[in-house]
Amino acid sequence: MANPVRTVNSVDRHPEPFEPRVPVVVHARDPISREGALSALDRDARIEVRERKSPGGVILLVDHVLSQGTLTQMRRAVGGDGSKAVLVLDTLQDDEFHEVVSYGVSAVVWRHEATRNRLIQAVLAAARGDGDLPADLLGRLIRQMGAGGSPAAGGGPGFPAYGLTPREVEVMRLVAEGFGTAKIAAELCYSERTIKDVMYKLTTRLNLRNRAHAVAYALREGYI
């Protein structure tokens, strides 16, 4: 008799040999939200929940709105040691989004969408330096920038006044649509290494923190 095929949930898989676990600290306005987030993350083998922030780790911030306390914690979280921040909120205004991205937030999850899989996806994306934003938030910003006319001559706070090359615009348009590196490479007929190189040079040249910051810059300047 053939052995039964065993399936493994993607969020429960064990890390590859020698693959480091992502250190995550959870901050929440209320203990119920914190316990819920901890329970969701603690069962994934790729994540190590900690009490204190670790350099290069991820801080998950859970609140209803972007309160002053959450904003302060977020600024501390991404303060120069390579840490990433993930925000879980009920709502986020456009000006707030530009602000948090300028500080290095790479992922936002709406509270009503914050399932276990969704939280893990956002944390792992942030750890890789990728963006993970709700589709309706990106769509709202794209419509807003589309109504704003041509690219601005200069950037606002946190957004340098330099331009994008045509290839960078192509890449950023697909990043904004939620494509990962492999799908962008396939869509544009480039190698994954080329896409990574484009993103690295773009973010380094424009002093952008990560993909989410780059998307916000491209939207603000009217490139996408």
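As a basis for the values below, the full set of heavy atoms in this structure was taken, side chains included, without hydrogen atoms, waters or symmetry mates.
Under the rule for a side chain to side chain donor-acceptor pair (under 3.5 Å), Arg173 has no partner lying at least two apart in sequence or in another chain. For the side chain to side chain donor-acceptor pair (under 3.5 Å) test, no residue two or more places apart in sequence or in another chain qualifies with Thr72. Considering only residues two or more places apart in sequence or on other chains, Asp90 meets the salt bridge (Lys or Arg N to Asp or Glu O under 4.0 Å) condition with Arg111.
Smallest separation of non-hydrogen atoms from Ala122 and Asp132: CA-OD2, 3.4 Å. Smallest separation of non-hydrogen atoms from Val123 and Leu41: CG2-CD2, 4.2 Å. The shortest heavy-atom contact between Ala126 and Val86 is CB-CG2, 3.6 Å. Across all their heavy atoms, Met74 and Ala85 have their closest contact at CG-CB, 4.4 Å. Closest approach of Ala37 to Val62, counting heavy atoms only: CB-CG2, 4.5 Å. Residues Glu192 and Ala182 come closest through the heavy atom pair OE2-CB, 3.7 Å.
Distance alone, capped at 3.5 Å, is enough to place a donor-acceptor pair between the Thr203 side chain and the Met199 backbone. The backbone N or O of Gly129 sits nowhere less than 3.5 Å from a side-chain atom of Arg211 that would complete a donor-acceptor pair. Of the possible donor and acceptor atoms, one in the side chain of Asn210 sits under 3.5 Å from a partner among the backbone N and O of His213.
For the pair Arg116/Ile120, a side-chain contact is recorded, criterion being any heavy-atom separation below 4.5 Å from C-beta on. The shortest distance between side-chain heavy atoms of Asp63 and Leu61 does not fall below 4.5 Å. Side-chain contact between Glu168 and Val198 is present, with at least one heavy-atom pair separated by less than 4.5 Å. Two residues are said to be in side-chain contact when any heavy atoms from C-beta on lie closer than 4.5 Å; Val58 and Ile47 fail this criterion. Side-chain contact between Glu177 and Glu187 is absent, with no heavy-atom pair separated by less than 4.5 Å. Val65 is not listed as a side-chain neighbour of Leu89, based on a closest heavy-atom distance of 4.5 Å or more.
Taking 4.0 Å as the cut-off between side-chain N and carboxylate O, Asp197 and Lys201 count as a salt-bridged pair.
Hydrophobic cluster membership is shared by Val169 and Leu206, with clusters built from Ile, Leu, Val, Met, Phe, Trp and Tyr side chains linked at under 4.5 angstrom.
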Open item on the list: One pair to check against side-chain contact (heavy atoms from CB on, under 4.5 Å): Val109 and Gln121. What are the steps and the verdict?
Closed with: CA-CA 10 Å; Val109 178; Gln121 173 187 313; over 6 Å; no
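Atoms CD and CG, on Gln73 and Leu71 in that order, are 10.0 Å from each other to the nearest 0.5 Å. Separation of atoms CG (Leu87) and CD1 (Ile59) is listed at 11.0 Å; rounding is to 0.5 Å. Put simply, CD1 on Ile184 and CD1 on Ile195 are 6.0 Å apart, with the number rounded to the nearest 0.5 Å. In this structure, OG1 on Thr181 lies 6.0 Å from NZ on Lys196, to the nearest 0.5 angstrom. Tyr190 contributes atom OH, which lies 5.0 Å from atom CZ of Arg167 (distance to the nearest 0.5 angstrom).
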